[in-house]
Amino acid sequence: MSIDLKTWETLTRGVTEIISEAELKAKLAKGKPLNIKLGVDPTAPDIHLGFTVVMRKLRQFQDLGHRVILIVGDYTATVGDPSGKSKTRRILTHAEVLANAETYKQQFFKIVDPAKTEVVYNGDWFSKMTFTEVTNLMAQITVAQMLEREDFRNRYEGGQPISLHEFLYPMMQGYDSVMIEADVELGGTDQKFNVLRGRELQRSVGKEPQVGMFLPILLGTDGREKMSKSLGNTIGVNDAPQDMFHKLFTLPDALVESYFQLLTDVPLENLSAKLAQVTAGEIHPNLLKEELAKNIVAQYHGTDAADAAAQEEKRIHSGQAIPSNIPEFQVSLGSQWVPSLLVLAGLAKSNGDGRRFIEGGSVTFDEVKITDPKAQVEVTGTHLLRVGKRNFARIIALDAAS
RNA sequence: GGGUCGAUGCCCGAGUGGUUAAUGGGGGCGGACUGUAAAUCCGCUGGCUUCGCCUACAGUGGUUCAAAUCCACUUCGGCCCA
């Protein structure tokens, strides 16, 4: 397992920082399978593309013969990672964490090879730790060092509460590295502080320190903030092909390059050539985005589904075509008040919300615009209800007799 | 433990007795423009079959014709002192 140039390029693709490159090269040069660590607290069972950046890197290590150790942070999750947070996290119950872990693994193994993965729970060691051991662990760091962290410092200076238990988290994560004898720990750039704890703790017990490999934080579909469930800007690995395609295709242009780099294997030299052509006006930006969307959808749903999604996307948005999969709702036969129909079909949050859509002129029933918020509509068979360009529902009369 | 300041709608943040469902910004949604992008512009953004009614400004009680605004207590938080 010598480190040829190609291997090195694969491993460092998209990587922001390696601490340190020299150590990583030395470890690789040993020619033995390395322990590649990833710690997760299974607080968000729905994995989105933001998480897959790191997972793909794990997979690349596996393909080179290394072993992934996935640490399910059943104990750390009850503490809550303060990384990048501006607020104290809610503390999860142990039962919640275990349930989430199962869902997590299912999605995790869509990318990472289960045959080359060992899954461990950090409760295995933390549950057995004595108070004295915890004290000794916490003695390894000072308050000033903790407050150097940007997120803690911002909260502290901004007058936001920081609970003392949050200081435990980085130390616990570091201790995980000691326990599993990690050679490399992967993480987003926001994990730097925690990963460095691992190095120090390993060193303090006379073990070879792990290498920290940091990947960029993927921005969400809004193009502004990191992809995160609470911000509602995610693309989930479990999203339906059409859904996934649409979100990728409507991505802000500025994200296309990073998505290609972090979420696909498209050779980087091809990519920069294409981007240059787009800038020069030789290629339409949408063409590149279509390629991106197809590539990623294919990874999760296969190339057939990706092609079909691309076709459907074009069909719907090039003209006034109506999507083929519209949610259907049954309502009773006869006269119906439009706002309540909108609520029933999930197109409006409340009757008032529905009224506002009508007043805003964005509601049609069988493609006829509704302008009066008091409007009644005759439901006699199958009808099309629509809000704006993209929100559809089919209304089906439910015969009173049946 | 003592002192002091604070808690407003999804978020930030005005408002300190009465045209107040509550200024403004962000976000979100709908529309125009466009490339299904960005930028810009316009509208909407508590509930109710709504020219009206109801519920809301941490919680509970009180003062008042009238409170998010005044008082008391409670809960939570910041800062200073220990």
Side-chain angles (χ1 to χ4, degrees), chain A residues 85-88 90 152-164 166 219-235 242-260 274-275 277-279 281-294 297 309-323 331 334-364 369-377 385-393:
Chain A
K85 289 284 153 184
S86 52
K87 289 178 183 171
T88 305
R90 184 176 78 86
F152 279 144
R153 192 179 58 239
N154 288 346
R155 283 164 66 184
Y156 189 64
E157 288 174 358
Q160 294 296 313
I162 301 172
S163 290
L164 205 49
E166 295 180 69
L219 292 179
T221 51
D222 56 27
R224 248 183 294 263
E225 309 237 38
K226 72 169 184 177
M227 189 175 280
S228 131
K229 207 177 166 191
S230 58
L231 294 170
N233 60 1
T234 59
I235 301 173
Q242 194 61 52
D243 210 22
M244 199 181 245
F245 192 97
H246 181 73
K247 287 180 187 172
L248 287 164
F249 195 61
T250 54
L251 214 59
D253 287 0
L255 297 190
V256 170
E257 183 174 8
S258 65
Y259 272 48
F260 264 114
K274 278 181 188 161
L275 286 165
Q277 281 179 288
V278 169
T279 311
E282 290 162 24
I283 298 186
H284 195 288
N286 282 351
L287 227 56
L288 202 56
K289 261 196 252 188
E290 187 185 347
E291 187 187 331
L292 175 71
K294 270 192 187 172
V297 173
Q311 289 305 315
E312 175 79 350
E313 185 76 12
K314 265 184 202 153
R315 203 177 68 77
I316 297 166
H317 294 282
S318 58
Q320 276 79 41
I322 292 154
V331 300
S335 195
Q336 298 286 340
W337 185 44
V338 180
S340 76
L341 271 185
L342 289 168
V343 172
L344 214 89
L347 297 173
K349 291 194 294 271
S350 66
N351 290 352
D353 196 36
R355 275 172 174 278
R356 282 178 223 117
F357 279 131
I358 293 170
E359 282 161 10
S362 54
V363 177
T364 63
K369 192 182 232 182
I370 307 289
T371 50
D372 180 7
K374 289 181 179 163
Q376 300 274 335
V377 115
L385 189 61
R386 174 174 191 173
V387 176
K389 292 178 189 165
R390 288 168 204 170
N391 310 297
F392 298 85

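Keep in mind it's a predicted model, so treat the numbers as computed, not measured. Proteins get letters first, then strands, A, B, ... in listed order; numbering begins at 1 in each.
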- Message: Within the 4.0 Å heavy-atom criterion, would you say A/Phe357 contacts the bases, only the backbone, or no part of the nucleic acid?
- Response: sugar-phosphate
- Message: Strictly below 4.0 Å: does A/Ser350 bring a side-chain N or O up to OP1 or OP2 of B/rG47?
- Response: yes
- Picking from B/rA32, B/rG28, B/rU36, the nucleotide nearest the side-chain atoms of A/Arg390 would be B/rU36
- Heavy-atom pair of closest approach, residues A/Ala309 and A/Phe245: CB-CB, 3.8 Å
- Query: Would you say B/rC44 has OP1 or OP2 under 4.0 Å from some side-chain N or O of A/Arg355?
  - Reply: no
- State whether A/Arg356 and A/Glu359 are salt-bridged, where the test is any N-O pair (Lys NZ or Arg NE/NH1/NH2 against Asp/Glu carboxylate O) under 4.0 Å. no
- Touch class at under 4.0 angstrom, heavy-atom based, for A/Asn391 against every strand present: sugar-phosphate
- Query: Side chain of A/Pro252: nearest nucleotide among B/rG77, B/rG30, B/rA38?
  - Reply: B/rA38
- Query: Contact class for A/Gln376 (heavy atom, under 4.0 Å): base, sugar-phosphate, or nothing?
  - Reply: base
- For nucleotides B/rU36 and B/rA22, find the distance between their C1' atoms and express it as a whole number of Å. 38 Å
- Message: Can you confirm whether more than 12 heavy atoms, excluding those of A/Glu257, are under 6.0 Å from its CD atom?
- Response: no
- Looking only at heavy atoms, which two atoms of A/Pro323 and A/Ile316 are closest? And how far apart? CB-CD1, 3.7 Å
- Query: Just how far, in rounded Å, is C1' of B/rU36 from CG of A/Leu248?
  - Reply: 13 Å
- Distance between the C1' atoms of B/rU23 and B/rC12, in whole angstroms? 14 Å
- Task: Would you check if the side chain of A/Lys289 reaches a backbone N or O of A/Val256 as a donor-acceptor pair within less than 3.5 Å?
- Result: no
- Task: Check whether any side-chain heavy atom of A/Leu275 lies under 4.5 Å from a side-chain heavy atom of A/Leu288, and answer yes or no.
- Result: yes
- Donor-acceptor contact present, side-chain A/Thr234 to main-chain A/Lys229, <3.5 Å: no
- Message: By the 4.0 Å heavy-atom rule, please label A/Gly388 as base, sugar-phosphate, or nothing.
- Response: sugar-phosphate
- Watson-Crick and G-U pairing of RNA chain B, under 3.5 Å, as dot-bracket with | and [ ]: ((((((((.[[[..)..(.....]]]((((((.......))))))(((...)))...[[[[[..)....]]]]]))))))).
- Message: For B/rU49 and A/Asn351 - does any side-chain N or O of the residue sit under 4.0 Å from the phosphate oxygens OP1/OP2?
- Response: yes
- Query: Base, sugar-phosphate, or nothing for A/Leu255, non-hydrogen atoms under 4.0 angstrom?
  - Reply: nothing
- B/rG46 and B/rC57: how far apart are their C1' atoms, nearest whole angstrom? 13 Å
- Message: Measuring from the side chain of A/His246 (C-beta onward, heavy atoms only), which nucleotide among B/rG31, B/rU36, B/rA39 has the closest atom?
- Response: B/rU36
- A/Trp337-B/rU49 aromatic stacking (under 5.5 Å, under 30°): yes
- Query: C1' atom, B/rA66 versus B/rG18: distance in rounded Å?
  - Reply: 6 Å
